[in-house]
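Here is the structure we will look at.
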Amino acid sequence: MRWIYRLEYKLGRRFGIPNIMLYITGTMLAVYALSLIAMPGLVSFMSFSRAHILAGEVWRVATFALVPPLSGQPLFVLLSLFVAYRIGSNLEYTWGTTLFNMYFFLGVIGAVIAGFISGFGTNSYLLLSLILAFCYMNPNATFLLFFILPVKAKHIALFNWAFYVLAFIQGDFPARVAIIFSLLNFFLFFGPEVWRTMRQNYESARRKRNYHKNWGNNNPWR
């Protein structure tokens, strides 16, 4: 993540769009309401489609990122947008506007690349990448599931990773491509740190095994 911090140093902590998640989730909510009330074809008009983009509908490269989650009842959509806003705002408060904008737009770029490879794109995994970043940075934070059941962030992260694996195994080619590139921003930001942690844990476990093995062979009290 050093190159990211160097870029932030050059750009400044406030480069980008401040409070961007307010605009994104607010637009999603407006799109959802319009699609229910007056414009049922709005979501289709905004969604990513390689064929339509190559035919001249270039706005889809950007507007797909503003398509709201459509699965479930309105209460689920509202809850999803609320969680996305709170998590995104927390990350921006922690990182600053520059780093958070970089993280978010790297996720958008990954989704666009996946869309051009597979033909269709989605922003669903982009929103999940925000949750992964928050849970990685705040593993012991507590969420109130359904505003009642307390759940640790690290457990939510494990559930999300399991969801990724299951969706990758069961999904078709576009879904698998979307999953791979949706993690672009997460691994660019946290990949080196995750790798160092894994290596340290492996080395620690190896030394512990060797210690117990040597102690067992040379134990004078056995």
Side-chain angles (χ1 to χ4, degrees), residues 17 19-48 60 62-95 100-101 103-112 114-115 120-139 141-168 170-171 174-175 178-179 181-186:
I17 305 172
N19 206 14
I20 188 174
M21 286 308 297
L22 176 63
Y23 303 121
I24 291 171
T25 54
T27 302
M28 286 182 171
L29 181 60
V31 170
Y32 181 73
L34 286 172
S35 66
L36 286 180
I37 299 170
M39 304 174 66
L42 180 59
V43 170
S44 177
F45 185 73
M46 297 173 60
S47 299
F48 191 101
R60 294 174 181 268
T63 58
F64 87 97
L66 302 173
V67 171
L70 297 176
S71 59
Q73 298 299 318
L75 181 61
F76 174 80
V77 175
L78 291 174
L79 182 60
S80 299
L81 294 180
F82 175 75
V83 171
Y85 169 72
R86 289 296 301 271
I87 287 179
S89 298
N90 184 280
L91 289 174
E92 182 176 354
Y93 177 81
T94 304
W95 281 339
F100 180 70
N101 274 246
Y103 186 84
F104 183 82
F105 285 111
L106 281 171
V108 172
I109 291 171
V112 169
F120 296 93
T122 177
N123 64 0
S124 299
Y125 298 112
L126 172 61
L127 298 179
L128 285 177
S129 73
L130 299 180
I131 298 176
L132 287 178
F134 178 86
C135 293
Y136 182 80
M137 295 175 62
N138 306 278
T142 301
F143 289 86
L144 289 178
L145 191 62
F146 304 116
F147 301 102
I148 300 175
L149 182 64
V151 181
K152 292 289 188 182
K154 57 187 176 183
H155 298 146
I156 294 177
L158 290 174
F159 175 82
N160 279 337
W161 283 113
F163 171 79
Y164 271 112
V165 172
L166 185 63
F168 186 87
Q170 296 183 344
I179 290 170
F181 282 94
S182 72
L183 296 172
L184 174 68
N185 52 357
F186 181 85

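The residues of the chain are indexed from 1 along the displayed sequence.
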What residues, two or more places apart in sequence or in another chain, satisfy side chain to side chain contact (heavy atoms under 4.5 Å, CB included) together with [X]?
X: Phe168; value: Arg176, Ile179, Ile180
X: Ala133; value: Leu91, Trp95, Tyr103, Phe190
X: Ser44; value: none
X: Asn90; value: Thr94, Phe134, Asn138

Euclidean distance, [Y] [atom2] relative to [X] [atom1], rounded to 0.5 Å:
X: Thr25; Y: Ile20; atom1: OG1; atom2: CD1; answer: 10.5 Å
X: Leu22; Y: Ile17; atom1: CG; atom2: CD1; answer: 12.0 Å
X: Leu29; Y: Leu66; atom1: CG; atom2: CG; answer: 12.5 Å
X: Glu92; Y: Leu130; atom1: CD; atom2: CG; answer: 11.5 Å
X: Ile24; Y: Asn19; atom1: CD1; atom2: CG; answer: 10.0 Å
X: Leu126; Y: Phe105; atom1: CG; atom2: CZ; answer: 10.0 Å

- Task: Decide yes or no on side-chain contact (heavy atoms from CB on, under 4.5 Å) for Trp161 and Leu132, but give the supporting numbers first.
- Result: CA-CA 8 Å; Trp161 283 113; Leu132 287 178; 3.7 Å; yes
Side-chain polar contacts of residues 80-89 - donor-acceptor pairs under 3.5 angstrom, sequence neighbours left out - could you list them?
| from | atom 1 | to | atom 2 | distance (Å) |
| --- | --- | --- | --- | --- |
| Ser80 | OG | Phe76 | O | 2.9 |
| Ser89 | OG | Tyr85 | O | 2.8 |

Can you name the closest pair of heavy atoms from [X] and [Y] and give their distance?
X: Val67; Y: Met28; result: O-CE, 3.6 Å
X: Ala65; Y: Val108; result: CB-CG2, 4.4 Å
X: Val77; Y: Pro69; result: CG2-O, 3.1 Å
X: Phe64; Y: Ser47; result: CB-C, 4.1 Å

Partners of [X] by ring-ring contact (aromatic ring centres under 6.0 Å, His included), sequence neighbours excluded?
X: Phe45; result: Trp59
X: Phe100; result: none
X: Phe104; result: none

- Message: According to side chain to side chain donor-acceptor pair (under 3.5 Å), who are the partners of Ser129, at least two apart in sequence or on a separate chain?
- Response: Asn185
- Residues forming a side chain to side chain donor-acceptor pair (under 3.5 Å) with Ser124, sequence neighbours excluded: Thr122
- Verdict with reasoning, Leu128 to Tyr125, per side-chain contact (heavy atoms from CB on, under 4.5 Å): CA-CA 5 Å; Leu128 285 177; Tyr125 298 112; 4.0 Å; yes
- Message: Any non-hydrogen side-chain atom of Ile109 less than 4.5 Å from a side-chain atom of Val112?
- Response: no
